[in-house]
Amino acid sequence: MPTFPFTEADPIQHPGPPPKASEVVIVGGGIIGVTTALFLASRNIPVTLLEKGRVAAEQSSRNWGWIRKQGRDADELPIVIEACRLWRQLADECGEDIGLNQTGVTYLANADKDMAKFEEFMRIAAIHELDTRLLDTDQTAKLITGMSRRFAGAMTTPSDMRAEPWLAVPALARLAVRKGVRIVESCAARTLDIAAGRIKGVWTEAGYIETSTVLVAGGAWSSLFLARHGVSIPQLSVRVTVAATEPLPEIYAGAAADDHIAFRCRQDGGYTLAAGGSHLLYLGPDAFRHFTQYLPALRDNPFGTRYFPFAPSGYPDGWSTPRDWAPDSESPFERMRVLSPAPEPAKLRSIERNFKQLFPRFETVRLKAGWGGMIDAMPDVVPVVDRVQAIGGLFVATGMCGHGFGIGPGIGRVVSDMIRGNAIGHDLSRFRLPRFYDGSPVRLGPAL
Ligand SMILES: Cc1cc2nc3c(=O)[nH]c(=O)nc-3n(C[C@H](O)[C@H](O)[C@H](O)COP(=O)(O)OP(=O)(O)OC[C@H]3O[C@@H](n4cnc5c(N)ncnc54)[C@H](O)[C@@H]3O)c2cc1C
């Protein structure tokens, strides 16, 4: 079965060398780095974006493509509402078809206890005047046709959207370049140059860039990069498996999930599928170091995580991954240009089985592709979006916890204003970095 289309063998679209100086340097060419760069350049701020592999080759292309307000943490919701508006604006501006469609998101309830959870979100939805509504058994069967099971009901948000991740983020990167962003692929940021508690520059594998301002938006690699400079964030990453079908007759134009299966209609008429149930955590030094911070999440969902004792070599939390390196020697970032775990064969089988059980008319359908991804996680299931107080000019936007694609342009806009010292327009206190060290209790965000 073919796996994922983005690899480090793909031609470089944004070649170097990097400039000698830049007002802002962004580490990481995923949705967060690309949209932050785009909004900075729109305000005429010179910005260079460094990507160790290829733009969007990690989480930002491997994701399910859901852009949802439904089920969000209350403090993320205002930002994702803004993000939905920005998605439309950016889709128009970039002039490419990124598959953006307002086709809705639906959570299916297997039992009344699921409906009770949905009702909790309805209170938040009402505050923000979302179009989210609850459906009964018959209404659910009408919304998604051909299901073999009768569900207790569902929660649906018709204004939620979808887009094709592997088209969208590269298209936004091209738009960013047209606005003046200097993107350099295959160029790892190795270390920061810090003097008197302030950023002076960035050492890259292709030389030094003088700068006063750095944003770390390195996805699963952010904690490794920052820890080298004494900034500790309790970030881990978990492996998940995704699959794609050939084009099929339409059962639902949006995205939906229950505990067993998640499916999302793609622009080509196929469905992107994923299994419910557990993800796989590779245990490495950071997993042990941050274990206690993750206890509330583990207690909340004790069977949500499976463990493998050895994080593979070269992975961000690998046992043999160096924690320290010199600016002029090879760093772990360039040793692994694209973090691309294989899909789990057992998961691919259960995805196919669960999809066919729910939609018996697709009994003969075969999966056409499967791929893996590493989702970067935080103990309270919400990101870190903050400036680093101890190092002047250093900003972090990472730990999007499996829902950073949809909110991406909102975070990009917010961080661009944070960097410029402007009013942000949202309360970001939930996402502050010191929450893990200042005695704040862990307040869990929603897991899905
Ligand atoms: C299977 C899967 C399904 C998901 N489904 C959804 C969904 O439906 N909806 C949703 O909203 N979200 C979803 N997500 C989550 C979403 O994809 C991520 O939250 C989001 O893409 C994170 O973006 P990012 O820019 O923070 O990180 P990434 O996309 O991981 O980008 C970080 C980049 O930084 C680069 N980098 C790291 N270190 C360095 C360095 N030192 N120098 C240079 N470059 C560096 C990396 O190579 C990488 O390309 C899913 C994720 C996965 C894996």
Side-chain angles (χ1 to χ4, degrees), residues 4 6 8 18 25-36 49-69 71-72 76 80 83 87 105 160-163 165 168-169 173 183-192 202-205 214-226 228 235 237-243 255 257 262 264 272-275 279 316 325 331-341 343 371-377 383-385 396-412 415 448:
F4 198 68
F6 283 13
E8 66 173 277
V25 172
I26 294 180
V27 179
I31 181 83
I32 303 300
V34 165
T35 55
T36 303
L49 183 150
L50 304 172
E51 168 51 54
K52 66 181 171 58
R54 301 291 181 275
V55 162
E58 295 193 349
Q59 295 177 86
S60 291
S61 58
R62 291 160 194 269
N63 67 70
W64 301 355
W66 298 31
I67 299 173
R68 65 178 170 85
K69 302 179 287 293
R72 284 272 172 180
E76 284 184 0
V80 80
W87 268 113
V105 161
D160 278 350
M161 298 189 286
R162 62 178 217 219
V169 184
I183 297 183
V184 189
E185 289 182 319
S186 207
C187 183
R190 285 178 171 167
T191 60
L192 302 172
V202 179
W203 287 104
T204 82
E205 62 178 297
V214 171
L215 168 68
V216 177
W221 301 90
S222 299
S223 58
L224 182 66
F225 185 85
L226 289 166
R228 162 75 178 64
Q235 179 190 42
S237 42
V238 293
R239 172 174 146 181
V240 290
T241 294
V242 191
R264 196 267 296 178
T272 295
L273 310 178
H279 44 245
W325 52 89
S331 73
F333 311 109
E334 60 229 72
R335 278 192 208 150
M336 186 163 296
R337 299 265 172 215
V338 178
L339 183 58
S340 181
W371 60 91
M374 296 301 290
I375 291 184
D376 63 336
V384 173
V385 183
V396 183
T398 197
M400 297 292 144
C401 299
H403 46 262
F405 177 67
I407 203 172
I411 299 282
V415 176
L448 186 70

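One-based numbering, in listed order, for ligands and for the atoms of each. Just so it is clear, the structure is predicted and the values come from calculations on it, not from any experiment.
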Between the candidates [options], which shows the shortest non-hydrogen contact distance to [atom]?
atom: atom 36 (N) of ligand 1; options: K52, E8, E205, E58; value: K52
atom: atom 4 (C) of ligand 1; options: I407, V27, N63; value: N63
atom: atom 32 (C) of ligand 1; options: G218, P383, G33; value: G218

For [atom], what is the closest protein heavy atom, and at what distance to 0.1 Å?
atom: atom 11 (O) of ligand 1; answer: G406 N, 2.7 Å
atom: atom 18 (C) of ligand 1; answer: Q59 OE1, 3.6 Å
atom: atom 19 (O) of ligand 1; answer: G404 N, 2.9 Å
atom: atom 16 (C) of ligand 1; answer: F405 N, 3.6 Å
atom: atom 49 (O) of ligand 1; answer: E51 OE1, 2.7 Å
atom: atom 23 (O) of ligand 1; answer: S60 OG, 3.3 Å
atom: atom 14 (N) of ligand 1; answer: G402 O, 3.3 Å
atom: atom 52 (C) of ligand 1; answer: I375 CG1, 3.6 Å

Look only at the side chain of [X] and the backbone of [Y], and say whether a donor-acceptor pair between them is shorter than 3.5 Å.
X: R62; Y: A57; value: yes
X: K52; Y: S186; value: no
X: W221; Y: P316; value: no
X: E58; Y: L339; value: yes
X: Q59; Y: G30; value: no
X: E334; Y: T204; value: no
X: E205; Y: R190; value: no
X: T272; Y: W64; value: no
X: S60; Y: I31; value: yes
X: D376; Y: S237; value: no

Contacting atoms of ligand 1, where contact means under 4.0 angstrom from a heavy atom of [X]:
X: G29; answer: 33 (C), 34 (O)
X: W221; answer: 37 (C), 38 (N)
X: A217; answer: 32 (C), 34 (O)
X: V240; answer: 1 (C)
X: G28; answer: 33 (C), 34 (O), 35 (C), 44 (N)
X: V242; answer: 1 (C)
X: R62; answer: 1 (C), 2 (C)
X: A188; answer: 42 (N), 43 (C)

Would you say A397 and ligand 1 have an N/O pair spaced under 3.5 Å apart?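 No - when backbone and side-chain N and O of A397 are compared with those of ligand 1, no distance drops under 3.5 Å.
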
Using heavy atoms and a threshold below 4.0 Å, how should the contact between W66 and ligand 1 be classified: side chain, backbone, both, or neither?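 W66 to ligand 1: contacts from backbone and side chain alike.
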
The answer for which part of I32 has a heavy atom under 4.0 Å from ligand 1 is both

Output field: ring centroids W325/F333 closer than 6.0 Å: yes

Heavy-atom pair with the smallest gap, counting every atom of P341 and R239: CB-CD, 3.8 Å

Flag side-chain contact, heavy atom, 4.5 Å: V385 against V415: yes

